[in-house]
Amino acid sequence: MAEDFLASALAAEASSRALQDPDYPLFHVAPPVGRLNDPNGLIEVGGTFHAFFQYTPEHPRRLVYWGHASSADLTHWNYHAPAILPDTHQDANGAYSGTAIEVGERVELWYTGNYKDAETGEREATQCVVTTTDMEHFDKQVPPVISRQPEGYTAHFRDPQVWRDMDGSYRMLLGVQRENLTGAALLYRSTDLRAWECEGEMTFPDAGGTFDAFGYMWECPNLVRLVDEATGDAHDVLIFCPQGVSPQREGFENIFPCVAIVGQLVGTEFRGASGSFEELDRGTEFYAPQIMARSASSSPDAPTILLGWAGNASEDDQPSIGTGGWVHCFTAPRALSLRNGRVIARPYLPGLVLAPATLDGEPGDEAGASVAELAGSRSWRLAFDASYEGALSVNIGEESGLAITLEEGRLTVDLTGTRYPHGGHRVVTLDPGEAGRVEILHDRSITEIYLGDGSRVFTTRSFLLGEGAGVTLTGGASVTKVSAVRAD
Ligand code: FRU
């Protein structure tokens, strides 16, 4: 009998211990059971935000579905039955990552079908589509729309982003590996979303060759147009995950990085990108982010929203696997923009709004200052301004807990007082003034640090020891404009 994939996912969910786990996040998307990786098919339709995700309900048995969550405020999430099941030849080894697009009355979810021959190990990567008119019933088109990669590329051909171009035609951007084992991005065009023509590789004519042999595979490329807050000019931003690059400079400490470059896509040329690139997040866990697609009903003033996977490569050995049978979550939604050519990411949580808060004590006191409103809380949002005479320690949880040290020009994150098994201790050099504006999201086992009004972000997992709660500020800084809100 054919395996009933939906029944087995629902059975795994029915016996899930995740919600009882004190580390399970309250306002970050996390798997109902098992493993989550990339955000997929992010789209806002009719005022509801949909977040699909790479989902392995029977982890460690590797059977990859598209899980489905939705939210009215990007803060409180409802979980639905998985939307794409690995139930056909094309996706037998995983319904891999992709994006959503609204087309008239329907939404199409574009994804990569991953098939691996059990005997030969040979991989078939195809680009596939499911359609829905109600975001509840999803019809898979079989066979795939694009049945194989073009000449010159290996079967590492995946993660379609599909959007409508200015002239009304559609484009698809994919991450690929060339036969010479270097990474690239490919562009396709279509007038009807079913017959696709390969336009060729995205090229970088002004980048001095930097991106010509940049790692062995590019995963999850995403193109987005952002307006620069300083100049008012619009630019294209390419966000992608080049596997196998380790530039000789600070950062790039994770197995795989995620970078952004700024320019202008004209045809297949990404012009004006000089060859400089920045990591989107300097933390221990960040990968495969995706921009939320808009629909006809979206407000033109709505921010451009990005969600990332708060995970990296294949490190699944986090404590939650043992305590709750789940692993990984998303970052919080981030409103993206540009400031003087640099990507800015601010937390965007309409359901968790900061309010003025009070400090008990002063950071200079021996016991430090605690945020009154967050006493006993394990899930919260906090923002403040700081001016530094020395260093300010921000400690989350009991004893040293997650120890964040802020000073002019530097952020240090020490994870050694937590149960998080990776990343020990990290130092990030900051631009002048960046440490002056601080926002921290802490949600049970994930912590996101935003500095300089979104110019620097650091995401980590922060499995605290004991019942660890609240936050303490100690040291040589004066802290003003404190605002906070708790989520528990
Ligand atoms: C990135 C990625 C994608 C792929 C998916 C598989 O984390 O490797 O390239 O589509 O995850 O789960």
Side-chain angles (χ1 to χ4, degrees), residues 5 9 29 31 34-42 51-68 82-86 90-100 109-116 123-130 144 146 149 153-162 172-178 183-186 214-222 238-245 254-259 279-281 283-291 306-316 318 327-331 459:
F5 292 90
V29 173
R35 180 179 194 267
L36 162 153
N37 56 298
D38 314 353
N40 290 159
L42 304 180
F52 299 88
F53 49 90
Q54 289 284 285
Y55 182 33
T56 312
E58 295 169 272
H59 178 80
R61 184 185 176 209
R62 194 156 164 77
L63 210 48
V64 184
Y65 296 62
W66 272 36
H68 182 197
I84 308 182
L85 315 175
Q90 69 201 36
D91 45 30
N93 295 91
Y96 275 11
S97 287
T99 54
L109 303 179
W110 284 85
Y111 72 100
T112 297
N114 181 44
Y115 174 81
K116 210 170 176 182
R123 202 191 268 265
E124 287 169 19
T126 55
Q127 309 316 324
C128 309
V129 68
V130 302
I146 300 181
Q149 70 276 13
Y153 300 91
T154 74
H156 289 287
F157 165 65
R158 59 176 171 268
D159 308 336
Q161 182 192 16
V162 177
M172 183 189 289
L173 175 67
L174 288 153
V176 286
Q177 179 180 62
R178 301 186 190 105
L186 268 188
F214 194 59
Y216 61 82
M217 167 67 192
W218 291 8
E219 293 192 310
C220 302
N222 249 240
L238 179 70
I239 296 169
F240 63 109
C241 299
Q243 295 180 301
V245 296
N254 298 336
I255 300 176
F256 301 133
C258 172
V259 302
E279 283 180 283
L280 261 195
D281 188 301
T284 61
E285 300 280 350
F286 184 81
Y287 199 64
Q290 186 177 110
I291 300 294
L306 173 129
L307 284 114
W309 175 34
N312 208 291
S314 52
E315 303 282 12
D316 294 336
Q318 296 183 1
V327 63
H328 304 306
C329 60
F330 284 176
T331 67
T459 300

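All values derive from a computational prediction rather than experimental measurement. We count ligands from 1, going down the list as the structure has it; atoms in each ligand are counted the same way.
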- request: Using the test side-chain contact (heavy atoms from CB on, under 4.5 Å), find all partners of Thr112 that sit at least two apart in sequence or belong to another chain.
  value: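 Per chain and number, Thr112 pairs via side-chain contact (heavy atoms from CB on, under 4.5 Å) with Tyr96, Ala125, Gln127, Arg158, Pro160.
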
Interatomic spacing from CD1 in Ile146 to CE in Met172 - rounded to 0.5 Å: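 Rounded to the nearest 0.5 Å, the CD1-CE separation comes out at 4.0 Å.
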
- request: Measure the CD-CZ distance between Gln161 and Phe240 for me, rounded to the nearest 0.5 Å.
  value: 13.5 Å

message: For the backbone of Trp309 and the side chain of Asp38, can you confirm whether one donor and one acceptor N or O come within less than 3.5 Å of each other?
response: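 Here the side-chain-to-backbone pair does not exist.
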
field: Contact residues of ligand 1 (heavy atom under 4.0 Å), by chain and number
entry: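 Ligand 1 is contacted, at a heavy-atom distance under 4.0 Å, by Asn37, Asp38, Gln54, Arg62, Tyr96, Ser97, Arg158, Asp159, Glu219, Tyr287.
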
message: Among residues at least two apart in sequence or on other chains, which ones pass side-chain hydrogen bond (donor to acceptor under 3.5 Å, both in side chains) with Tyr153?
response: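 Per chain and number, Tyr153 pairs via side-chain hydrogen bond (donor to acceptor under 3.5 Å, both in side chains) with Glu201.
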
- prompt: For Tyr115, which residues count as a ring pair (Phe, Tyr, Trp, His ring centres under 6.0 Å) partner, sequence neighbours excluded?
  reply: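 Result, ring pair (Phe, Tyr, Trp, His ring centres under 6.0 Å) vs Tyr115: His89.
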
